[in-house]
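Everything on this sheet refers to the single structure shown next.
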Number of protein chains: 2
Amino acid sequence: MAIELRRPERAFSIRQLCMEFKVTPRALRFYEDKGLLSPAREGVNRVYHNRDRARLQLILRGKRVGFSLADIREILELYDEKDGGATQMACSLKKYRERIVELHSQRDDIDGAIAALEEGCAWLEKQLLDVRPDLLPQADDYDSVLRGRLVGVPGHG
Amino acid sequence: MAIELRRPERAFSIRQLCMEFKVTPRALRFYEDKGLLSPAREGVNRVYHNRDRARLQLILRGKRVGFSLADIREILELYDEKDGGATQMACSLKKYRERIVELHSQRDDIDGAIAALEEGCAWLEKQLLDVRPDLLPQADDYDSVLRGRLVGVPGHG
DNA sequence: GCTTTGATTGACGTTGACGTAAAGGTGATC
DNA sequence: GATCACCTTTACGTCAACGTCAATCAAAGC
């Protein structure tokens, strides 16, 4: 029925995925070992398809927000067996909720930390401006920081 | 001059601090070993004062937002020797900035994760409502979750 | 055919943040 | 004065998340 317009089924080598997401082959094999990935094989070599790529994205995002690999595995398993046992689903729902609460408080912490660090920056700048203005970062330094922020995220979709 | 109205100088035993912040004595001694804390001694026993308590708060908050203990140590040191070398200050300023950028993207990640998890929750609830509504959490469960969120943070000042 | 390049599977090493067990000191209480 | 509860230091153990190294295999180019 529905033609998959924007997801042509692609295959990736381990190198391709590693370069795209800036991880090592070791990491991908490790995730496979832990049951987070299960790429196809072409002979003995691993072949990753769209599904594996999507899962890898979830893995890395999960890591960035503080999930352990074990947590991530549970979540991925849930995505798989969305028809699975209802009890299991209820259990997962609870875990989801708990994690959401945690994430909210984590976000508050981050907001607090950002505020504190910015205050610290302001103080430092003020001091440096008085004492050693030559040591203050220049405009192009800020540029590079901004660029870093823009290109730092691989495929945030 | 200024009377310390809201910060009566208090002393805490290691146990008191541990219970208040839900950490183990081992952790506190570990932080001390790493130069993050330096409580007074009463004989051979450790005595923590307001300053130590405040530093511990910073340590734990720092951990929650992804700082390593080494990072936290740098920050704490900076808070101490705010008169320190200008070059050192410029260096710290740079690190602060980098960390702020990181924290911003971490916050974006968290927002994304929260959205994804809430979507997942909605889906799960819908399914469960169809299949096993008896397994859905009840109102008092939500209450306990909310309470947990309110009392979970020790003294977020 | 030989070498290079990249993939594979073990297996052991590493780092951070503690846990845990051993061996002992101190003050209160029974 | 013996037990108990709690403190101390020292030292080794652990766990997650990989890094690193070795030995091997397989296709590609010369």
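A note on names: the letters A, B, ... follow the listed sequences, proteins ahead of strands, and every chain is numbered from 1. The analysis underlying the following values was restricted to heavy atoms, covering all of them including side chains, and did not include hydrogens, waters or symmetry mates.
- With sequence neighbours excluded, the residues that form a side chain to side chain donor-acceptor pair (under 3.5 Å) with Glu32(A) are Arg41(A), Arg46(A).
- Atom CZ of Phe30(B) is separated from atom C1' of dT20(C) by 14 Å (rounded to the nearest Å).
- Using a 4.0 Å heavy-atom distance criterion, Lys63(A) is classed as a sugar-phosphate-only contact.
- Taking the salt bridge (charged side-chain N to carboxylate O under 4.0 Å, His left out) definition, one finds that Arg29(B) meets it with nothing, sequence neighbours left out.
- Glu119(B) meets the side-chain contact (heavy atoms from CB on, under 4.5 Å) test with no other residue; sequence neighbours excluded.
- Axis angle across the helix from dG1(C)-dC30(D) to dC30(C)-dG1(D), with five pairs used at each end and values rounded to 10°: 20°.
- In this view, Ala115(A) satisfies the side-chain contact (heavy atoms from CB on, under 4.5 Å) rule with no residue, not counting sequence neighbours.
- In this structure, Leu36(A) atom CG and dA16(D) atom P are separated by 13 Å, rounded to whole Å.
- Between the CG atom of Leu28(A) and the P atom of dA17(D) there is a distance of 15 Å, given to the nearest Å.
- Remark: Ala70(B) pairs with Ser68(B) by the side-chain contact (heavy atoms from CB on, under 4.5 Å) rule, at least two apart or across chains.
- Contacts of Asp52(A) classified as salt bridge (charged side-chain N to carboxylate O under 4.0 Å, His left out), with partners at least two apart in sequence or in another chain: none.
- Separating the NZ atom of Lys34(B) from the C1' atom of dT15(C) is a distance of 10 Å, rounded to the nearest angstrom.
- Remark: P of dA16(D) and OH of Tyr31(A) are 14 Å apart, rounded to the nearest angstrom.
- Rounded to an integer number of Å, the gap from CZ of Phe67(B) to P of dG16(C) is 17 Å.
- Hydrophobic clustering (side-chain heavy atoms under 4.5 Å, transitive across Ile, Leu, Val, Met, Phe, Trp, Tyr) groups Leu124(A) together with Leu129(A).
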Q. Could you write nucleotides 4-11 of chain C as a row of B, S and -, 5' to 3', where a protein heavy atom under 4.0 Å of any base atom gives B, of only sugar-phosphate atoms gives S, and otherwise -?
A. ---SBB-B
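- Between Thr24(A) and dG19(D), a side-chain N or O to OP1/OP2 separation shorter than 4.0 Å is present.
- When the P atom of dC15(D) is taken as reference, atom CG of Asp33(A) falls 17 Å away, rounded to whole Å.
- Contacts of Arg99(B) classified as salt bridge (charged side-chain N to carboxylate O under 4.0 Å, His left out), with partners at least two apart in sequence or in another chain: Asp71(B), Glu102(B).
- Between Leu69(A) and Leu36(A), the shortest heavy-atom distance links the atoms O-CD2, 3.6 Å.
- When the nearest nucleotides of DNA chain D are assigned to Ala70(A) and Gln16(B) by heavy-atom distance, the more 5′-ward of the two goes with Gln16(B).
- Between Ile72(A) atom CD1 and dA17(D) atom C1' the separation is 11 Å, expressed in whole Å.
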